[in-house]
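Here's the structure we're looking at; comments come further down.
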2 protein chains.
Amino acid sequence: MSHQSLEEPSLEEAKAFIQEALSRRRMLLVVGNCMVDYEGRASSKLDWGERLLVVKSDGSVMVHRPTGYEPVNWQPPGSIFHVEFEDGKLKIRATRLQPKEVLNIFFDRVYHVFSAELRDEGEFSMYVTEMDMQKALLTMPELVEEGFQPLAAEKELGESGFLDILGQDSQGNLVVVEIKRNPAGREAVLQLERYVKTLREKTGKQVRGVIVAPEIRREAQGLLAALKLEFRQVSPRRCYEVLKAGKGRKLSEFI
Amino acid sequence: MSHQSLEEPSLEEAKAFIQEALSRRRMLLVVGNCMVDYEGRASSKLDWGERLLVVKSDGSVMVHRPTGYEPVNWQPPGSIFHVEFEDGKLKIRATRLQPKEVLNIFFDRVYHVFSAELRDEGEFSMYVTEMDMQKALLTMPELVEEGFQPLAAEKELGESGFLDILGQDSQGNLVVVEIKRNPAGREAVLQLERYVKTLREKTGKQVRGVIVAPEIRREAQGLLAALKLEFRQVSPRRCYEVLKAGKGRKLSEFI
DNA sequence: GCCTAGGTCCCGTAT
DNA sequence: ATACGGGGCCTAGGC
């Protein structure tokens with residue numbers, strides 16, 4: 001990995017360093033006193049203060065204040081850069097084309113600049129996502145309930161959107177399964193209710209609705225009961241284990 | 001502003017530097033080859049690669065890969081740190097207490113470390129928010145329509161939630177106003193419909209529903225028409241100007 | 001290209 | 001403390 005840095009560069013030195021880093025698409029860090037203007041979907045202005053600017057090789061931009069997880073100003077990947085002096089300040093402009101958004105960062109002092117060409121091929125694996133839970137339920141339908149048989153997944157229901165799993169229970173009743181990776185709230189219940197209602201109207205038959213989630217919030221339980229919907233607790237960990245065990249089998253076997 | 005950095009430190013030197021920075025609550029940057037484990041609401045593992053670690057004075061943590069706007073792993077403000085050697089690797093543990101989440105970062109090589117105590121009192125101002133739009137509509141009700149008179153704002157409607165503005169038109173009909181700063185979608189229409197329906201049931205009178213937003217999405221227009229609801233285009237910029245002009249006047253004059 | 005749904009969302013605000 | 005909605009959300013997947 002090649003990298004370089006400067007301590008307390010002049011604005012001219014910093015400008016040259018930054019232009020070099022941007023043109024070579026290296027990761028760039030700038031620490032200094034700056035002011036930031038943003039104009040695009042919304043507009044904002046950040047007065048002078050000491051911050052960290054991060055520019056990545058794909059054109060992502062973040063301006064970080066000393067505190068707070070989120071950048072105060074930013075630009076997503078694909079931004080285009082222009083560096084120049086304006087009123088004696090070092091100006092870095094990052095432009096996004098669609099939607100058209102412009103971020104202007106003005107430095108009147110730079111304490112530190114750093115650039116590097118990072119190599120990172122490391123695999124990132126998240127153990128359980130909502131889609132994983134769906135796969136797990138399709139792989140092992142009894143997680144929903146004994147005798148449950150999936151008929152379709154990600155089925156469109158017109159205005160209502162997409163339901164996660166449609167199946168039938170051991171009695172042959174239609175069952176709509178709504179999956180949540182996080183604790184299910186009122187919104188999930190209402191969403192399920194829309195699907196169930198739509199299906200009842202379409203088919204004219206009895207339709208059951210089941211929320212599958214790690215837990216259901218207390219405030220959603222009343223609504224669930226009032227709408228005669230059901231809840232089945234399934235932990236992400238269980239799904240992860242099912243997926244690990246079921247590797248190699250194809251989804252198409254089940255739907 | 002005081003700041004310091006090291007180039008190509010040994011792991012021992014890096015450990016001392018990092019511990020010093022964390023204990024003094026300085027902003028810390030580490031560039032090096034690392035591996036990351038996360039366990040909490042979900043779980044993840046990131047194999048070895050070259051990345052940027054940012055730790056802020058409030059305990060925010062971000063691990064950034066060479067590309068992508070978002071950090072691959074992170075911890076929100078308030079995290080607690082522990083630094084030690086494990087299997088010859090420099091291990092930085094960031095723990096969040098609620099919910100309990102642990103982020104472990106292992107470095108086998110450090111290219112660059114930097115720390116600084118940033119001072120930033122600069123004011124950040126966003127020109128228009130959804131609440132600003134509400135204030136603007138209360139300040140200048142004709143933005144909704146000629147003769148519109150606000151009666152209440154943020155009014156609770158039981159299970160339905162809070163409606164943005166309740167008012168009456170020049171004919172004395174009740175009007176529910178639903179404000180969106182962004183293009184209004186199907187969800188906004190359904191939300192408005194819930195409020196209108198609830199109010200109709202409560203009052204037994206005719207109730208109109210109006211969505212105020214910069215624009216309405218195409219796919220929501222059919223639903224809007226079918227439910228006999230209305231749309232009024234209002235730009236954030238217009239709201240911003242109304243607010244600027246209306247400064248000094250109090251909200252309580254209007255509601 | 002636009003749109004929809006999910007996120008370890010984060011974050012403010014109100015309860 | 002916890003629930004709820006918004007975000008310049010960002011990001012991935014469909015069409």
Side-chain angles (χ1 to χ4, degrees), chain A residues 36-44 60-63 67-79 94 96-103 124 126-134 154 156 159-164 178-188 191 214 217-220 236, chain B residues 36-46 60-63 67-79 94 96-103 124 126-134 154 156 161-162 164 178-183 185-188 191 214 217-220 236:
Chain A
V36 187
D37 269 332
Y38 156 75
E39 180 113 25
R41 286 166 291 180
S43 311
S44 72
S60 314
V61 181
M62 286 143 273
V63 179
T67 62
Y69 163 76
E70 297 192 327
V72 59
N73 282 108
W74 70 92
Q75 208 67 289
S79 302
R96 180 190 193 180
L97 296 179
Q98 199 169 20
K100 178 78 181 298
E101 303 198 279
V102 182
L103 186 64
F124 177 74
M126 173 79 72
Y127 296 152
V128 176
T129 65
E130 195 155 314
M131 188 52 71
D132 287 335
M133 286 183 72
Q134 186 184 101
E154 299 290 339
E156 193 179 3
E159 291 286 318
S160 306
F162 288 80
L163 57 75
D164 292 325
E178 174 69 24
I179 304 169
K180 291 290 166 198
R181 216 197 68 78
N182 296 316
R186 213 175 275 150
E187 197 46 53
Q191 195 176 340
R217 293 188 199 280
R218 235 177 308 105
E219 84 272 20
Chain B
V36 187
D37 269 332
Y38 156 74
E39 179 115 25
R41 285 166 294 179
S43 310
S44 71
K45 184 189 167 87
L46 176 63
S60 313
V61 181
M62 287 143 272
V63 179
T67 62
Y69 164 77
E70 296 192 328
V72 59
N73 283 109
W74 70 90
Q75 207 68 287
S79 302
R96 180 190 192 178
L97 297 178
Q98 198 167 19
K100 180 75 181 297
E101 303 197 278
V102 182
L103 186 65
F124 177 74
M126 173 77 74
Y127 295 152
V128 176
T129 65
E130 194 155 315
M131 188 51 72
D132 287 335
M133 286 183 71
Q134 186 184 102
E154 299 289 340
E156 194 179 2
F162 288 80
D164 292 326
E178 173 68 24
I179 304 169
K180 292 292 166 195
R181 214 196 71 78
N182 296 316
R186 213 175 274 149
E187 197 47 53
Q191 195 176 340
R217 292 189 201 280
R218 235 178 309 108
E219 86 274 17

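Values below: all heavy atoms of this structure, side chains included; hydrogens, waters and symmetry mates excluded. Model, not experiment: these values are computed from the prediction. Protein chains get the first letters and strands the later ones, always in sequence-line order, with residue 1 at the start of each.
Taking only side-chain nitrogens and oxygens, A:Gln191 never comes nearer than 4.0 Å to OP1 or OP2 of C:dA5. Here A:Arg186 does not reach the OP1 or OP2 of D:dG5: none of its side-chain N or O atoms lies under 4.0 Å away. For A:Gln98, a side-chain nitrogen or oxygen approaches OP1 or OP2 of C:dG1 to under 4.0 Å. Between D:dG8 and A:Arg96, no contact under 4.0 Å exists linking OP1 or OP2 to a side-chain N or O.
Atom C1' of nucleotide D:dC10 and atom CG of A:Leu103 are separated by 16 Å, given to the nearest angstrom. Between the C1' atom of C:dA14 and the CG atom of B:Asp164 lies a distance of 15 Å, rounded to the nearest Å. Whole-Å rounding puts the A:Lys180 NZ to C:dG7 P distance at 8 Å. Atom-to-atom, CD of B:Glu101 to P of C:dC10 comes out at 7 Å; the value is rounded to the nearest Å. The interatomic distance linking A:Asn73 (CG) with D:dG7 (P) rounds to 16 Å, in whole Å. Computed from coordinates, the B:Trp74 CH2 to D:dC9 P distance equals 19 Å when rounded to whole Å. Here D:dC10 presents its C1' atom at 12 Å from CE of A:Met62, a figure rounded to the nearest Å.
Contact annotation: the side chain of B:Asn73 approaches that of B:Ser44 to within less than 4.5 Å [non-hydrogen atoms, C-beta and beyond].
In terms of position on DNA chain D, the residue among A:Glu187 and A:Tyr38 whose nearest nucleotide sits closer to the 5' end is A:Glu187.
The side-chain contact (heavy atoms from CB on, under 4.5 Å) check on A:Ala188 picks up A:Lys180, A:Ala184, A:Ile211, with sequence neighbours excluded. The side-chain hydrogen bond (donor to acceptor under 3.5 Å, both in side chains) test applied to A:Asp164 returns no partner, not counting sequence neighbours. Shown here are the side-chain hydrogen bond (donor to acceptor under 3.5 Å, both in side chains) partners of B:Ser79, two or more places apart in sequence or in another chain: there are none. Annotation: side-chain contact (heavy atoms from CB on, under 4.5 Å) contacts of A:Pro76 (sequence neighbours excluded): A:Trp74, A:Arg96. A:Glu70 is linked by a side-chain contact (heavy atoms from CB on, under 4.5 Å) to nothing, counting only residues two or more places apart in sequence or in another chain.
Across all strands shown, D:dG8 has no partner, as no Watson-Crick or G-U wobble contact with both distances under 3.5 Å is found.
Atom CG of residue A:Leu103 and atom OH of residue A:Tyr38 lie 9.0 Å apart, to the nearest 0.5 angstrom.
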Could you write out each protein N or O paired with an N or O of nucleotides 11-15 of chain D at a distance under 3.5 Å?
from   : atom 1 : to      : atom 2 : distance (Å)
D:dT11 : OP1    : B:Tyr69 : N      : 3.1

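Of the candidates D:dA1, C:dT8, D:dG8, the closest approach to any side-chain atom of A:Gln75 belongs to D:dG8.
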